[in-house]
Every structure is written in C-alpha cells, then in structure tokens.
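What you are looking at is a predicted structure, and each value in this text was computed from that prediction instead of being measured. Hydrogens, waters and symmetry mates play no part in the numbers below; they use all other heavy atoms, side chains included. Within every chain, numbering begins at 1; the chains are lettered A, B, ... in the order of the sequence lines, protein sequences first and strands thereafter.
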Amino acid sequence: MTSLFALVDCNNFYASCERAFNPSLIGKPVVVLSNNDGCVIARSNEAKALGIKMGVPAFEMAALVKTQEVQVFSSNYELYGDMSRRVVETLRQFTPNLEVYSIDESFLDLGNLRGVDLGAYAHSIKATVQQWTGIPVAVGVAPTKTLAKIANRLSKKSAKAGGVLVLTDERHITEALKRTDISDVWGVGRRYAKKLAAFGVHTAWDLRNVTDAFAKKHFTVVGLRTVRELRGEACLDLELVPPSKQNICTSRSFARRLTELQDIEQALTSHAVRCATKLRKQKSCAGALTVFLETSRFAGEGQLYYNSRTLSLASATSSELELLRCALMALRSIYRPGYRYKKTGIILQDIVPANQVQLSLLDSGNRERDARLMGTLDALRERFGHTCVGYGVQGTGKVWAMKKDHISPCYTTRLADLLQVK
DNA sequence: TCTGGGGTCCTAGGACCC
DNA sequence: TCTGGGGTCCTAGGACCC
C-alpha cells in the first residue's frame, strides 16, 4: 500500500481574505503589507502581473499604487486567522487525517482512497472550499508530501490544470520533475540551489537522480530525505497533532524609532505579556528567556547596534510577573543611550510541559497565587480582548504601536466591525 | 522618512570526562 | 621526544520553511 497525500494551498491567501468580504476588489490588484505597513507579503494575481515582487518595501510601490489603482491593505491577522480556521474545518469534511502545515496550507492523507477518481475528488475539495469560505485554493495530489508540493505548484501554473493536479502516474511525475526548477523544490533554498547548480543539478529531475551519498555529503540527512521523497518514497509523515513549540518569540518593529529606555520598556512589556500568554496556551513553562534590542539594519556607520541577553530562571515558570521582571532586567542590561532603536523582542526557551516543572529550593515566588492570577488574566483577555488588562510599565501612550494605515474591518470576529459593512 | 515576524532542524567544534 | 581515543553535552551558526 503506497501513501497518498494532498496539499491544499490557499491562493494569495491574505489578499483572498480581503476579497472574500469586499467583492469590489475582484479583478483589481490587491496587496497586503507586513506589520508596520513595511513591505509586501501577499499579492493578488493582478498585482503579480504588475510586477510587484514579494517583500518589496511599500514606499517603492508608491507610483504603481497611484497609476494602477493598487488596493493596499495593512495585515489583519485576526481576520486571516479566523478564515484559516474556516478553511481547515471545511477540509476536515474530506478526511479525518489532516495536518495544518501553515496558516494557508494543509496536507490531507488520502491513503484510503485507492480506486476513487482522485481528480474528481480533488476538484470537489477545491469547489467546496470556494463555496463555503470564498477562498480559492489549489490542490496537488501525489505519493509524498514533497511531490504533492510540486503538484500543487504546477496546478497553479497551468491553465489546463485549473488548480488541481494529480501526480500518481510515473510518466507524469517524471514530466513534472523535469519542468520544476531546483529552487522550487520544498526544502531547497537559495543557498542550496546555488550549490547544486555548481554540480550541474538544475531541475527536480536532476536532484532525484543524484546518489544517496552525494545528497548526504553535501546536503545533510535533510537533503537526502528530499531526494527520496522526489523518488516517491514517503519519508515525511502527516503530523496530526501540532507538536508544542520549543521556543516562543514575540517581537515587533516600532512604528517610529525609539531612543528612551522607558518607551522601549513599554513595548517589551507588551511583547512579554503576549509571549507568556502563548506559553500558557500550550500549557508549558519556560526555563530561560532572551531579550534582544536592535537598531535598523539600514542604520548608518556607528549607529548600528544589536545586543541580546539570556537569563535562566531558578525554575521554569509561566507567570508573566516573573517573566516580565526578568525581561526588564535583561533589557536594562543591554540598553545603551544614544541609539535610535527599531525593534525589541523576547524569546522564551527551555520550554517544558507545565506539569513536569522541577521546583527549585531557591524558588521564592508564590506559585499558586501566580497561577490563579494568570488564569484570571487569560480569561479576561480571552473575553474582552488582549489589551483590557495590563501593567503600569506598559503605559497608555503606545508610542511604539504599529503603523496600520490600511487596516480592513475584522469582518468575522467583531460584531461592531461587521455592522459597519455597507 | 519608509525595508515583517515567527518558527524548525542539523552540524561542527569546543569543553569536559573517563 | 613522547603527546590516546571515545563519548556526551552544549552552543553558535547556517540552512530551511511560511
């Protein structure tokens, strides 16, 4: 019994989410910007056709926005997250064995569908998601995840495929691999693509035909796995339950440069609270944390600064009181006056399940009291929004708050926003 | 003026131990 | 002058993903 996977990928996901609730955008070039309206992270097909590249800074696009009436949106993760959940719930109608790979991609196990018309099945997945959520998707089906990725990608490129491609026949797989550039293979990034090209490996077909020894020597066991997957040998299973995270990070660029420690403390406090909330959500505790502080990478000579400080906790905790105290201590130790700072953030590390925490003899805090307080805070924030309760050091001014000049309404999660829709 | 945020995994090499 | 060898743990850095 051979394996069979489908990769369902939402087309231009963030742009499609904006469109799903605003039909006047259909047929127009739409782009979605990163946090702080920094650079382009999603484009509709019309925007791609105008030559707008992924990752370009928003200001470089100004002329096109004017002349071509490009519709620009700040990112609205509340909306995209909710739409993502709707898509996944729809996909669950088709198989109980599903891996949510990212906000806009899921792998489905179709291993029990031998004898079924796979093309028709894939088409019905696509049509159902479109009908139930308004989000267009592409479906690629193949014996391994890596091949399903390739099938998915080709399904979007060919007008004939129309967003669905089944690669089970050896002849079709060979043809697909010959048409796929090495850098478009899942797991091969820019660096490896360059290195492979130097060995005369240019297409996925070339890569499939290298020896195991070559793959292992130059691209580690990860690369070898990719080669085997290209040959149709499934090495990557579906991850039905998302593994709990080993690091949890929250960081943001400031809307404008900050110079004062107090302002940066406000930002870091908010990040630490968010980060600790994520930690408790996966029922874990952290044994260490790192705080970093940096100027813009584009700052001039002598104005560049980056520093970070890692602190270990006496025993792992999920109390934001403790984490916050440590984070601020770390920040104060790396802050230097005289720089124009761009970004700060916190990374929680040495993460363990909350029920396996080793208590330290030096542990001085009142763990039970803190745990009750955290439970209350989580419940309040869940109900009234993340900013409803905070700390004095957070301030109320939000001098660091993100720029979001083009935000759309949270159509799916806020009644007030929905009522405003005309 | 303006350039995102969040993750994972693997390896090499040093420290340290017996 | 001789200057083992094997194992483990940790960390930094490099590569990748969305």
Side-chain angles (χ1 to χ4, degrees), chain A residues 7-14 31-42 52-63 65 72-77 80-81 84 99-107 145-146 149 152-153 182-196 215-226 229 235-236 239 242-257 267 271 274-275 278-279 282 287-288 290 292 294-300 308 310 312 340 342-351 402-406:
Chain A
L7 174 63
V8 180
D9 176 307
C10 300
N11 302 345
N12 316 326
F13 184 53
Y14 299 165
V31 301
V32 177
L33 303 179
S34 63
N35 281 332
N36 277 315
D37 294 344
C39 51
V40 174
I41 54 170
I52 298 173
K53 297 268 186 281
M54 194 72 168
V56 300
F59 66 89
E60 284 181 13
M61 218 177 42
V65 169
V72 178
F73 291 88
S74 303
S75 38
N76 183 344
Y77 287 105
Y80 311 150
S84 175
E99 171 186 340
V100 179
Y101 176 67
S102 74
I103 194 165
D104 67 339
E105 287 176 55
S106 291
F107 285 104
K145 284 174 144 185
T146 305
K149 275 272 199 183
N152 184 287
R153 183 173 165 280
I182 191 75
S183 59
D184 292 320
V185 174
W186 191 37
V188 178
R190 265 213 334 273
R191 294 299 184 93
Y192 278 170
K194 202 173 158 194
K195 198 166 156 186
L196 282 164
K216 177 131 191 240
K217 174 156 184 235
H218 297 287
F219 304 99
T220 80
V221 294
V222 181
L224 176 56
R225 208 166 51 201
T226 298
E229 285 246 318
C235 305
L236 299 166
E239 288 188 1
S244 47
K245 303 211 184 307
Q246 300 174 35
N247 297 289
I248 301 178
C249 172
T250 302
S251 75
R252 293 281 182 281
S253 296
F254 313 129
R256 58 180 176 81
R257 303 290 184 264
H271 301 345
R274 284 229 176 226
C275 209
K278 291 185 210 170
L279 179 72
Q282 74 163 34
T290 297
F292 63 88
E294 66 190 38
T295 58
S296 166
R297 297 197 305 284
F298 304 95
S308 69
T310 301
S312 291
R340 299 174 67 237
K342 167 73 179 164
K343 180 174 172 182
T344 189
I346 176 171
I347 306 162
L348 300 180
Q349 292 145 310
D350 294 357
I351 288 177
M402 283 193 292
K403 193 168 140 194
K404 282 191 181 202
D405 290 345
H406 311 282

Worksheet item: Partners of Phe254(A) by ring pair (Phe, Tyr, Trp, His ring centres under 6.0 Å), sequence neighbours excluded?
Response: none
Taking only residues two or more places apart in sequence, or in another chain, which ones meet [X] in a salt bridge (charged side-chain N to carboxylate O under 4.0 Å, His left out)?
X	value
Glu294(A)	none
Arg252(A)	none
Asp9(A)	Lys156(A)
Asp184(A)	Arg153(A)

Worksheet, complete the sentence: Here the residues of residues 244-256 of chain A within 4.0 Å heavy-atom distance, strictly under, of DNA chain B are Lys245(A), Gln246(A), Asn247(A), Ile248(A), Cys249(A), Thr250(A), Ser251(A), Arg252(A), Ser253(A)
Worksheet item: Which residue lies toward the 5' end of DNA chain B, Arg225(A) or Phe59(A), if each is placed at its nearest nucleotide?
Response: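 Here Phe59(A) is the residue nearer the 5' end.
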Item to complete: Rounded to the nearest 0.5 Å, what's the gap from CE on Met61(A) to CG on Leu33(A)? Could you check?
Response: 5.5 Å
Worksheet entry | Spacing of CG belonging to Leu279(A) relative to CD1 belonging to Ile248(A), to within rounding of 0.5 Å | 5.0 Å
Base, sugar-phosphate, or nothing: which does [X] touch, judged by heavy atoms less than 4.0 Å apart?
X	result
Arg340(A)	nothing
Val188(A)	sugar-phosphate
Lys194(A)	nothing
Asp104(A)	sugar-phosphate
Phe219(A)	nothing
Glu105(A)	sugar-phosphate

Worksheet item: Dot-bracket for DNA chain C: what is it, with Watson-Crick or G-U pairs under 3.5 Å, [ ] where a pair crosses earlier ones, and | for a pair to another strand?
Response: ....||||||||||||||
Fill in: For Ser102(A), side chain to side chain donor-acceptor pair (under 3.5 Å) partners two or more places apart
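If we apply the side chain to side chain donor-acceptor pair (under 3.5 Å) test to Ser102(A), skipping adjacent residues, the hits are Asp104(A).
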Item to complete: Tell me, please, which residues at least two apart from Thr310(A) pass side chain to side chain donor-acceptor pair (under 3.5 Å).
Response: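 Side chain to side chain donor-acceptor pair (under 3.5 Å) list for Thr310(A), sorted by chain: Thr290(A).
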Worksheet item: Taking the same atom, P, in dC2(B) and in dC18(C), what whole-Å distance lies between them?
Response: 30 Å
Item to complete: Applying side-chain contact (heavy atoms from CB on, under 4.5 Å), name anything that partners Tyr77(A), two or more places apart in sequence or on another chain.
Response: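 Expected list: Tyr14(A), Asn35(A), Ile41(A), Ser75(A), Tyr80(A).
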Worksheet entry | Lys404(A): partners by side-chain contact (heavy atoms from CB on, under 4.5 Å), with sequence neighbours left out |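 Residues passing side-chain contact (heavy atoms from CB on, under 4.5 Å) with Lys404(A): Ser74(A), Met402(A), Ile407(A).
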Worksheet entry | chain A footprint on DNA chain C, 5' to 3' - any atom under 4.0 Å from a heavy atom |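 Reading along DNA chain C, I get dA15(C) to dC18(C).
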